[in-house]
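A quick write-up on the structure given underneath.
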There are 4 protein chains.
Amino acid sequence: MPKIVNKELKRKEIAISCMDLIYDVGIRKLTVDEVAKKANIGKGTVYEYFENKEDIVFEIINMHIQKAQQDFCKKIKKLKTTREKIYEVFSFVLDNSENSVRRFNYYKEYVSIVLSNENENMLKFNCNCKDFITQQIENILNEAVNKGELNGNASELVEVILIFEKGLAFLKMTQKDIELKNICLNFIDLILKKS
Amino acid sequence: MPKIVNKELKRKEIAISCMDLIYDVGIRKLTVDEVAKKANIGKGTVYEYFENKEDIVFEIINMHIQKAQQDFCKKIKKLKTTREKIYEVFSFVLDNSENSVRRFNYYKEYVSIVLSNENENMLKFNCNCKDFITQQIENILNEAVNKGELNGNASELVEVILIFEKGLAFLKMTQKDIELKNICLNFIDLILKKS
Amino acid sequence: MPKIVNKELKRKEIAISCMDLIYDVGIRKLTVDEVAKKANIGKGTVYEYFENKEDIVFEIINMHIQKAQQDFCKKIKKLKTTREKIYEVFSFVLDNSENSVRRFNYYKEYVSIVLSNENENMLKFNCNCKDFITQQIENILNEAVNKGELNGNASELVEVILIFEKGLAFLKMTQKDIELKNICLNFIDLILKKS
Amino acid sequence: MPKIVNKELKRKEIAISCMDLIYDVGIRKLTVDEVAKKANIGKGTVYEYFENKEDIVFEIINMHIQKAQQDFCKKIKKLKTTREKIYEVFSFVLDNSENSVRRFNYYKEYVSIVLSNENENMLKFNCNCKDFITQQIENILNEAVNKGELNGNASELVEVILIFEKGLAFLKMTQKDIELKNICLNFIDLILKKS
DNA sequence: CATGAATGAGTGTTCATTCAT
DNA sequence: TATGAATGAACACTCATTCAT
C-alpha cells in the first residue's frame, strides 16, 4: 500500500511555500514551473493538488486573507474605545510594520487580479471580504450606539466608513509615500462628533 | 525641430485612433498588431513613435484621462451649488450613462495595471491624476468657504473627500450591483452640516 | 499455473468493465486513470495486467469484436434464404438501431487507429477479423451452391462481397447521411442473378 | 519598403517542403516544431501562413489530392475501352509503383484523421473527393451506355463501383500483402456481363 | 499483491520586437 | 522614413509510466 497523503494539507503546504514567490515576482508573472520548483515537486504534481494556475493563486490569497481576518478579530477584542476600534479598521492600510506592508502588497496584487476580471473565484471571494469588514464595522457602531456614543442613525455610517477604508487602501496602493494617518484621525473626528 | 513636432503629433494621432481599441479588447490584451491596423500604419512604424508596448498603452490612457479631465472642468463650471459640485466629483463613479460606464471600465483596467507594477509610467501618471482631482476639490471647497458655506477648517476636508471618491470607485470596481448614490448623499450631508 | 489463469481472468474483467468507457470518451482519449477508476482498481494495478495503454485498448476492442462475431453467428443461424444471409453481412453497416450505431462507432475509431499505425496488435487483429467475415461469406455461398442457387464459380464472389462490405463501411464512416440500403439490394440482385 | 511575399505561394512552399515529413512520422505525430525546422523557418512564421496545425495538415493533403485528381483525368483521357477506364478507377489502389504507394499511404493517414472526427475541414473535403470519383464513374458509364456496351440501368452501377473502390482501398489499408488485381478483374466481368 | 503519489517530457499557440529592404 | 516578414522565448496543461510503501 502506498502512503496516503492528506490532499488538503499538502495543498496548503505547497501554497505556503509559494507565498514569497508571489511577493517576489507578482501573481501575474507567477509560472507553474516556478511553483513546482519552489515547492520542490514536479510540475505534474502541482496539478494533483490544484485545478489550474488560477486555483493556485486563489489558495495563496485565501490563506493570507483568512489570516488577516483572524488577526483583526484578535486585535479588535483587546481594544476598548470606539475611536480605537475604528482606527483599527484603517490600520490594515496605515500600519507600516514589515509584516503589514508585506500583507498589504499581497492585497494589492490580489486587487489587481480582481479588477482585471481574470479570475472568477476572486470576485466572489472579494465579496466575502467586503461582507466581513462590513460586519465588523457594524459591530463596532452598534456597540457605540449601546454605549450612547452615537445616536441611532449610526447605520448610515457603516458604508461611509467602509468606503473610506477602501479609499485609503486605494490611495496607498496607487501613490508613493503618502501620509494618511492624520487624515484618518480627522475623519474619525468628523463622524464621531456628528452625534 | 519641426520633425520632433511632427513625431509628437503623429504619436498623438496614433493614440487617438486607438482609444476605442482599448475598450474593445482590453488594455492587457491589446496587441501591437491591432494598434498598427487600427492606425493604418505598419507594425514597424509603431516602433518609430513608441518605445515599446507599454509606451503605447500609456499614451492611449493619457488621451483618455485628459479628455475626462477636460469634460470634468466643463461640467463643473456649469454647476452652481457646492453640493452639486461635490456630487459631480463622485459622478464619475455614480453615473450610469453608457459613456460613463465605458470610461469607468477603462479606468478599472488602468488601475489594474497600475497595481500590478507592470508599467512605471502609469504610476507617475496616476499621481498627476490625484493632483488634478485634489486641486478641483480644493477649488470647490475654497469657493464654499468664500461663500460662507463652510468655515476655515475646510482644508481638512479635501483629503477626506478625495479618499471617499477613491473608495467609491474601488467599491464599484470590485462589487457587482451596489447602490452608492444614497451613501454619497449621506456623506455630503455629513461634511456640509459640519460647518 | 493457477495464478496465470487468474491474471488472464482479471485482465478480461478489467477490459469488460471498460467496454462502455470507449464509447463515452473515445479510444484515443481514454486515459489509464479512467480505466483504473472504472475497474475500481488502482492505477498501478492496471499495469499488473497490461503492458501499457496500447495493450489495454487492444483488449477492450478484442472484447467488442468477439461479442460482435458471436452475435453475428447467432443471427445468421436464424436466417433461411441466401439473400437474407448476405444482407445480414451488410447489416453491420446498414442497421440504424442504437446498439448497432454504437458498435459501428467503436469500429470507426478502431479503424482510425489501425490506419494510423499506432498499434501493432491492432493490425494483426484486424486480419483475424477479415478472416472471420471471409469464412462466414464462404459458408453462405457454399450453402447456396449446395442449394443450387449459385453455380460452382461462387468462390470468386467471396472476395467481391467482402470488398463490397468494406466499401459500405468505409462510405458510411466518411460520409454523412448516405442512403445505402437500396444500393445493397441492387448489389445482391447483381451477384445472385449472375448464376 | 520590405519585400512583399506572396502569402499563398509561400503557404504552398511550406506545405511542399513538409510532404515527406508526413510520410515519415505520420500526420498525427507531426509537430509544428518539425514543420518549422523542415521548412527552415521559425515556429512563429508557420503561423503567419497557417491558422493552426489542422490547417497545415489540410493544405498538405489538399495538394496531394488535387494532384491525384489531375493525374487521374489525364490518364483516363488516354484510355479507350470501358474496361480499361473502370480498371483505372481501381488503379489508385492497385498500382504498386513507388509513387502510387506513397500516395496511397498519404491517403491512408488522411482517412485516419477523417475517421477520428478531429478535423472539420477534412470531412467536408472528403465529400468533395467522393463527388469527384462519383462523377468520373458516371462519365465512364454514360459513355459505355452511348457505345451500347451497357443498357440504360447503368446508373445503379455507379454506386456499386464507388463502393467497390472504397472497399478495395479499405482492404489494402488494413491488410498486409493482399492480392486484389484478380478480384477487380472478376468484378469488372461481373458488372459488364450484366448488360 | 496492490496502490496512488509523483513525475516531466512534450506541444500548440501567442506576440513583442527586430531588421532587411 | 516606412514597412511587414520573421522570429523564438514563454507557458499552461496532460498523461503514460514508475516505484516506494
Side-chain angles (χ1 to χ4, degrees), chain A residues 1-7 10 14 28-37 39-56, chain B residues 3 6-7 10 28-37 39-57, chain C residues 3 6-7 10 28-37 39-57, chain D residues 1-7 10 28-37 39-57:
Chain A
M1 293 289 174
K3 70 174 170 184
I4 301 293
V5 304
N6 182 329
K7 286 239 169 191
K10 180 124 188 184
I14 295 171
R28 231 180 291 268
K29 285 177 189 157
L30 190 73
T31 66
V32 179
D33 264 300
E34 282 170 328
V35 167
K37 215 160 279 172
N40 269 320
I41 56 177
K43 192 167 24 166
T45 312
V46 175
Y47 285 88
E48 292 284 319
Y49 299 95
F50 299 91
E51 296 267 326
N52 47 36
K53 195 188 145 184
E54 198 172 286
D55 195 25
I56 303 171
Chain B
K3 294 213 172 170
N6 283 340
K7 275 232 172 188
K10 182 114 185 187
R28 236 182 283 266
K29 284 176 188 159
L30 189 73
T31 65
V32 180
D33 260 298
E34 284 168 327
V35 168
K37 213 159 280 172
N40 268 320
I41 57 175
K43 197 169 18 168
T45 313
V46 175
Y47 283 86
E48 292 288 319
Y49 298 96
F50 298 91
E51 295 268 326
N52 48 34
K53 195 190 148 185
E54 198 173 286
D55 195 22
I56 304 170
V57 169
Chain C
K3 293 213 172 171
N6 283 338
K7 276 232 172 188
K10 182 115 186 186
R28 235 182 284 266
K29 285 177 186 157
L30 189 73
T31 65
V32 180
D33 260 298
E34 284 168 326
V35 167
K37 213 159 282 171
N40 269 320
I41 57 175
K43 192 160 35 158
T45 313
V46 175
Y47 283 86
E48 292 287 321
Y49 299 96
F50 298 91
E51 294 270 324
N52 48 33
K53 195 190 147 187
E54 196 172 288
D55 195 23
I56 304 170
V57 168
Chain D
M1 294 289 175
K3 70 174 170 185
I4 302 293
V5 304
N6 182 329
K7 287 242 169 189
K10 180 123 185 186
R28 231 180 291 268
K29 282 175 189 158
L30 189 74
T31 67
V32 180
D33 265 301
E34 282 170 326
V35 168
K37 213 159 281 172
N40 268 320
I41 57 176
K43 190 158 40 156
T45 311
V46 175
Y47 284 87
E48 292 285 318
Y49 299 93
F50 299 92
E51 296 267 326
N52 46 37
K53 193 186 147 186
E54 198 172 285
D55 195 25
I56 304 171
V57 169

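Order of the sequence lines fixes the chain letters, A, B, ..., with proteins taken first and strands second; residue numbering starts at 1 for each chain.
- Between D/K37 atom NZ and F/dT7 atom P the separation is 13 Å, expressed in whole Å.
- Both A/N52 and B/G44 lie near DNA chain F, and the one whose nearest nucleotide falls closer to the 5' end is B/G44.
- In terms of heavy atoms, C/R28 sits closest to C/K53 at O-NZ, 3.6 Å.
- Using a 4.0 Å heavy-atom criterion, one finds that B/L30 contacts the sugar-phosphate atoms exclusively.
- Across all strands shown, B/T45 has heavy atoms under 4.0 Å from base atoms, whether or not it also approaches the sugar-phosphate.
- When the P atom of E/dG12 is taken as reference, atom CD1 of D/I56 falls 8 Å away, rounded to whole Å.
- Note that NZ of D/K43 and CD of D/E34 are 11.0 Å apart. Values are rounded to the nearest 0.5 Å.
- C/Y49 has its OH atom 20 Å from the P atom of F/dA16, to the nearest Å.
- Taking atom CG of residue B/N40 and atom P of nucleotide F/dG4, one finds them 10 Å apart after rounding to whole Å.
- Dashed line: the shortest gap from a side-chain N or O of A/K43 to OP1 or OP2 of E/dG8 is not under 4.0 Å.
- If you take CD of C/E34 and C1' of F/dA16, they are 13 Å apart, rounded to a whole angstrom.
- The distance from atom CG of A/D55 to atom P of F/dC13 is 10 Å, rounded to the nearest whole Å.
- As a whole-Å value, the separation of C/E51 CD from F/dT18 C1' is 15 Å.
- Minimum atom distance to the side chain of A/V5 is reached by E/dA6, of the listed F/dA5, E/dA6, F/dC15.
- Using a 4.0 Å heavy-atom cutoff across all strands shown, B/F50 reaches no nucleic acid atom at all.
- Relative to the side chain of C/K53, the nucleotides F/dT17, E/dA6, E/dT11 differ in distance, and F/dT17 lies closest.
- In the set F/dG4, E/dT17, E/dA6, F/dG4 carries the atom at the smallest distance from any side-chain atom of D/I4.
- Interatomic distance, D/T31 OG1 to D/I56 CD1, rounded to the nearest 0.5 Å: 9.5 Å.
- Within the 4.0 angstrom heavy-atom criterion, no nucleotide atom of any strand lies near B/D33.
- Between A/Y47 and E/dG8 there is no side-chain polar atom (N or O) within less than 4.0 angstrom of OP1 or OP2.
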Next item on the list: Show the numbers, then the answer: is there a side chain to side chain contact (heavy atoms under 4.5 Å, CB included) between A/F50 and A/I14?
Entry: CA-CA 10 Å; A/F50 299 91; A/I14 295 171; 3.8 Å; yes

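- Residues C/G42 and B/E54 each lie close to DNA chain E; by heavy-atom proximity, the contact nearer the 5' end of the strand is made by C/G42.
- Within 4.0 Å (heavy atoms only), D/K7 reaches sugar-phosphate atoms of the nucleic acid but no base atom.
- If you check every strand for non-hydrogen atoms under 4.0 Å, A/K10 touches sugar and phosphate atoms only.
- Searching all strands for a Watson-Crick or G-U wobble partner of F/dA20 with both distances below 3.5 Å returns E/dT3.
- Side chains of C/K10 and C/I41 form a contact here, defined as non-hydrogen atoms less than 4.5 Å apart.
- Candidate nucleotides E/dG12, E/dA16, E/dA5 were compared by shortest atom distance to the side chain of D/V32, and E/dG12 ranks first.
- Atom CD in A/E48 sits 4.5 Å away from atom NZ in A/K7 (nearest 0.5 Å).
- Put simply, NZ on A/K29 is 14 Å from P on F/dA12, counting in whole angstrom units.
- Between A/E48 and D/V46, the one whose closest nucleotide on DNA chain F sits nearer the 5' end is D/V46.
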